[in-house]
Amino acid sequence: MVVFDLDGTLVDTAPDLAAALNFVLDREGLRTVSLPTARSMIGAGVRRMIERGLEHEDRSATPDEVTRMMGDFIDYYTAHIADESRPFEGLLEALDELSARGFRFAVCTNKLEALAKLLLDQLGLSSRFSAICGGDTFGVAKPDPAILRQTIARAGGNPQAAIMVGDAGPDIGVARRAGIPVIGVTFGYTEVPVAELKPDRVISHMRELPEAIAGLQAATLNAAG
């Protein structure tokens, strides 16, 4: 089983997430942020993205105020979730190749589960995944290993035969804590270059994913032998 992060790994969601964040900031009378700046704020869920947006503008807010802004964000984002978001180049071909080899897939994201499913539905990708689990599915978020273990269980997988793929610290962290090999992608959203997070493999294009997975499988067999 291959378990994927969503934003910055499967799908380039930054344009639509940035638009939703800027909608909220503009409503609060604050300056909007650039797309590159917004990219660095993605990955820890809606609340944290809003908090980062406020910090960027040197604005503080109470938890209740952030919760209100989350409502505005989610309402806007739900209506515009796939305006510009697209699967990363090479993803569909990689999934086809891995599926032909007998792999199954799941999504483990800190995005709200309903939003993750809505996005993948609109992109025609939902049917490819045995489970789509978000930061609210089990009451824990990455890097807590429980979310990854429970995602694998919900998808009918075996943690001993699973690989994580992600673009940022929470993905590498959740895999390490769950004892699962992890592949980092360089094209996602992270302030720290993914190679510095020391995943087991690093890829710069989805076309490289099947070979990277084959390499991890071979390394595991050699270690066991």
Quiz item: Partners of Asp7 by salt bridge (Lys or Arg N to Asp or Glu O under 4.0 Å), sequence neighbours excluded?
Solution: Lys111
Exercise. Return the set of residues passing salt bridge (Lys or Arg N to Asp or Glu O under 4.0 Å) with Glu113 (not counting sequence neighbours), or none when no residue passes.
Key: Lys117
Quiz prompt | Least distance between heavy atoms, Ala146 atom then Val140 atom | solution = CB-CG2, 4.0 Å
Quiz prompt | Enclosure of Arg207 CZ (heavy-atom neighbours >12, cutoff 6.0 Å) | solution = no
Self-check item: Residue pairs fulfilling salt bridge (charged side-chain N to carboxylate O under 4.0 Å, His left out) with at least one residue in residues 16-42, sequence neighbours excluded
Solution: Asp12-Arg39, Arg27-Asp72, Glu28-Arg59, Glu28-Arg68, Arg31-Glu57
Quiz item: If we only count heavy atoms from C-beta on, is the Leu125 to Leu10 side-chain gap below 4.5 Å?
Solution: no
Quiz prompt | Partners passing side chain to side chain donor-acceptor pair (under 3.5 Å) against Asp5 (at least two apart in sequence or in another chain) | solution = Thr9, Lys142
Exercise. State, yes or no, whether a side-chain contact exists between Thr32 and Leu21 at a heavy-atom distance under 4.5 Å.
Key: no
Self-check item: Single hit among Val11, Asn110, Leu115 for side-chain contact (heavy atoms from CB on, under 4.5 Å) with Leu6
Solution: Val11
Quiz item: When you check the side-chain N and O atoms of Thr67 and Arg47, is any donor under 3.5 Å from an acceptor?
Solution: yes
Quiz prompt | Sub-4.5 Å side-chain heavy-atom contact between Thr186 and Ile203 | solution = no
Exercise. Taking all heavy atoms of Leu148 and all of Ala175, pick out the closest pair and write down the distance.
Key: CD2-CA, 3.9 Å
Could you tabulate the donor-acceptor pairs under 3.5 Å formed by side-chain atoms of residues 98-105, not counting sequence neighbours?
residue, atom, partner, partner atom, Å
Arg101, NH1, Pro210, O, 3.3
Arg101, NH2, Glu97, OE2, 2.9
Arg104, NH1, Ala155, O, 2.6
Arg104, NH2, Gly156, O, 2.9

Practice problem: Could you pull out the closest heavy-atom pair between Thr13 and Gly8, with the gap in Å? | Solution: OG1-N, 4.4 Å
Quiz prompt | With Asp200 via salt bridge (Lys or Arg N to Asp or Glu O under 4.0 Å) - residues at least two apart | solution = Arg176
